[in-house]
Amino acid sequence: MLYDGRPVELTAEQEEVASMFAIMKETDYMKKPTFLKNFWEGFKEVLGRSHVIKGLDKCDFSPIYDHLMAERDKKKALTKEEKAAIKVQKDAAEAKYKHALVDGRQEQVGNFRVEPPSLFRGRGEHPKMGKIKQRVYPRDITINIGRDAPIPEHPYPGQRWKEVRHDNTVTWLAYWRDTVNPKEYKYVWLGATSSFKAESDLLKYEKARKLKDYIDDIRKNYKRDWGSSDVRRKQMGVAVYFLDKLALRAGHEKDDDEADTVGCCTLKVENVECVPPNHIKFDFLGKDSIRYENTVDVEVPVYKAVEAFTKVDARGKRKGLRDMVFDTFDATDLNKELKALMDGLSVKVFRTYNASITLDRLLAEMEEAEDAYAGKTVDAKKADYDRANKEVAILCNHQRAVPKTHETSMAKVTEKLNAMREEIKALEEEHEAALRAKGKGKNPDAIASKLSKKMTALERAELQAAVKEDLKTVALGTSKINYMDPRITIAWCKRNEVPIEKVFNKSLLNKFHWAMDVESGFRF
DNA sequence: TTCCAGACTTGGAAAAATGTTA
DNA sequence: TAACATTTTTCCAAGTCTGGAA
């Protein structure tokens, strides 16, 4: 790399850290002062005290960047055969790490690779972004194996695993402490197809289904609490209403060394606005610093209550913008309270319940809206499914960044649509002409059939384009993977003769193997 | 009774794989 | 058959929640 225009020699260790930074050249992190500051602090330490490099502003990492790009291009330029050969080798080397023997069963391992050193990429305004995530060695890692299992080897002679445990009360295979957030642990788990994961998945959905039997009472309860003179009761009543209506996350307290995000219990005065006569406007950063923006109609008592909660606290002290709306309890308290309403109930169950029951309802409504629904084309039914999926994703606020190529690819699609419309116009004229010619020219019927084919194609393409535009900021995957009971989907497929592969990809088919034999009449 | 370590689920972005088109 | 678009997989960050120590 260059410093102040002159080449600088770096040790291998220094070069590794410089490369972590260089590779991020095109990312937005480069514009963030926190990122730059944290990186410089880490880099400075690696450079040592008397190093010629004295600051980031005179550093030029582009030689490293160019080199890394050249390597990437080289890899890309390999022939198909060379790439295939490399893949075979890689797969063979990894094969033995991909499975574990658990209680006599072969189970897939999820993440078998230790996270490599890198720069921490926190989301949103994370105070630790840019810090160096150190290399993790066997001496940092605790492994969990059967009492009689041989201790697995590792590639660092002279080192030992930090600890070898035989704990059959947990499902992790290994863990280490994160070097950026030393309070946190990184685990190696079994894959999504494993018995442990499948079992807890089923349990999760069964619990959410059970909420169905309790929800009427819970609603009665919280409505009563809106009128309570006990501020805590009243606040909890409103909070549970939000969970029920909006499927918000719990929102636990966060430290100053984390991004400032909130959930239901940590909503601040600045995050809610009461808009007369009965609207509440939510605007806050939730998990992953994804913005939640939603204006909802609420019952008048809720409106009045929230208005009061944003003004003064339980002791009558005036609140500021950064004070919490619910100042009388936190997420743990709320969960404790929920346990009293239903065994095993916690905040997140509302999200699962809400997502699943919404999917179930929407699909059923679509089926009921048309006679002979099952007779629709598979494509049309799949489009219906995706629409329902989209509503669930919006409910859960699963957003994604607009794909970088969206704008250009949309322009292309529009161009194509216009070309198709032109063609149709030309065909229509040709058809008219043929009709006028009365058998002397081309066969009008042939043109008509061509025309109708084109029209269908156009309709399809228009629908596709509309869907694409519609979904540019919505992520359907998360709800499919984590929130919608797969039995709803599978039963729907069975009822309507939609091949399940149309809706679930290979991974999801595997993940949800436990749900495959559900009967077609299943309702959530 | 509170605190927080520990374990597990959920989340979007990026990379890789696959499909489509020129 | 490369170039581009789309889908799938991987990565690892960021949540939730419980139980047991203090």
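Residue numbers start from 1 in every chain, and the chains themselves are labelled A, B, ... in the order their sequence lines are given, proteins ahead of strands. In what follows, every heavy atom counts, from backbone to side chain, and hydrogens, waters and symmetry copies are set aside.
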message: According to ring-ring contact (aromatic ring centres under 6.0 Å, His included), who are the partners of A:F524, at least two apart in sequence or on a separate chain?
response: none
query: What is the nucleic acid contact for A:K80, judged by heavy atoms within less than 4.0 Å: base, sugar-phosphate only, or nothing?
result: nothing
query: Who are the salt bridge (charged side-chain N to carboxylate O under 4.0 Å, His left out) partners of A:D140, not counting sequence neighbours?
result: none
- prompt: Of A:K204 and A:V170, whose nearest nucleotide on DNA chain B comes first from the 5' end?
  reply: A:V170
message: Quiz question: by atom type and distance under 3.5 Å, do the side chains of A:T142 and A:R165 form a donor-acceptor pair?
response: no
Would you mind writing out the side-chain donor-acceptor pairs for residues 264-271 of chain A within the sub-3.5 Å range, not counting sequence neighbours?
from   : atom 1 : to     : atom 2 : distance (Å)
A:T266 : OG1    : A:G263 : N      : 2.9
A:T266 : OG1    : A:G263 : O      : 3.3
A:K268 : NZ     : A:D260 : OD1    : 3.2
A:K268 : NZ     : A:D260 : OD2    : 3.4
A:E270 : OE2    : A:R322 : NH1    : 2.7
A:N271 : OD1    : A:K268 : N      : 2.8
A:N271 : ND2    : A:D283 : O      : 3.1

Distances under 3.5 Å only, N/O to N/O: pair up the protein atoms with those of nucleotides 12-22 of chain B.
from   : atom 1 : to     : atom 2 : distance (Å)
B:dG12 : OP1    : A:Q399 : N      : 3.1
B:dG12 : OP1    : A:Q399 : O      : 3.4
B:dG12 : OP2    : A:T478 : OG1    : 2.8
B:dA13 : OP2    : A:A401 : N      : 3.2

field: Between B:dT10 (C1') and A:D201 (CG): distance, integer Å
entry: 12 Å
message: What is the distance, to the nearest angstrom, from the CZ atom on A:R177 to the C1' atom on B:dA7?
response: 13 Å
field: Spacing between A:R165 atom CZ and B:dA7 atom C1', to the nearest angstrom
entry: 12 Å
message: For residues 20-29 of chain A, which residue pairs pass the side chain to side chain donor-acceptor pair (under 3.5 Å) check, not counting sequence neighbours?
response: A:D28-A:K31
query: Nearest-Å distance, CH2 (A:W176) to P (B:dA7)?
result: 14 Å
task: Considering just the side-chain nitrogens and oxygens of A:S200, establish if one lies under 4.0 Å of OP1 or OP2 belonging to B:dC8.
output: no
- request: For A:F329 and B:dT2, give me the distance from atom CZ to atom P, rounded to whole Å.
  value: 15 Å
query: Reckon A:T261 touches a base, only the sugar-phosphate, or nothing at all at heavy-atom distances under 4.0 Å?
result: sugar-phosphate
task: Mind checking A:K128 for me? I need base, sugar-phosphate or nothing, with any heavy atom below 4.0 Å counting as a touch.
output: nothing
statement: Residues at least two apart in sequence or cross-chain that pass side chain to side chain donor-acceptor pair (under 3.5 Å) with A:K468, listed by chain then number, are A:S409
- prompt: B:dA5 C1' sits how many Å from A:E184 CD, rounded?
  reply: 12 Å
- request: Taking ring-ring contact (aromatic ring centres under 6.0 Å, His included) as the test, write out the residues that go with A:Y137, two or more places apart.
  value: A:Y156
field: 5' priority, DNA chain C, between A:V413 and A:K207 [closest heavy atom]
entry: A:V413
task: Keeping to residues at least two apart or across chains, list the salt bridge (Lys or Arg N to Asp or Glu O under 4.0 Å) pairs with something in residues 338-358 of chain A.
output: none
task: Whole angstrom is fine here: how far is it from CG in A:D255 over to C1' in B:dC4?
output: 11 Å
Salt bridge present between A:K454 and A:E423 (N-O < 4.0 angstrom): yes
message: Mind checking if A:Y187 touches a base, just sugar-phosphate, or nothing, with heavy atoms under 4.0 Å?
response: base
task: Determine, using ring centers only, whether A:F512 and A:F504 are less than 6.0 Å apart.
output: yes
statement: residues 127-137 of chain A vs salt bridge (Lys or Arg N to Asp or Glu O under 4.0 Å), sequence neighbours excluded, gives A:E16-A:R135, A:E115-A:K133, A:K128-A:D257
query: Heavy atoms under 4.0 Å, any strand shown: does A:G251 hit a base, just sugar-phosphate, or nothing?
result: sugar-phosphate
field: 5' to 3' contact window, DNA chain C with chain A (heavy-atom distance under 4.0 Å)
entry: C:dC4 to C:dT18
- prompt: Checking all strands, does A:G122 fall into the base, sugar-phosphate, or nothing category for heavy-atom contacts under 4.0 angstrom?
  reply: sugar-phosphate
field: Nucleic acid contacts - residues 106-117 of chain A versus DNA chain C, non-hydrogen atoms under 4.0 Å
entry: A:R113, A:E115, A:P116
message: Applying salt bridge (charged side-chain N to carboxylate O under 4.0 Å, His left out), can you list everything that pairs with A:D256, at least two apart in sequence or on another chain?
response: none
task: Specify the separation, in whole Å, of atom NE2 of A:H252 and atom C1' of B:dC4.
output: 12 Å
statement: Between A:L345 and A:E258, the residue closer to the 5' end of DNA chain C by nearest nucleotide is A:E258
field: Salt bridge present between A:E125 and A:K32 (N-O < 4.0 angstrom)
entry: yes
- request: Answer yes or no: does a side-chain N or O of A:K348 lie under 4.0 Å from OP1 or OP2 of B:dT10?
  value: yes
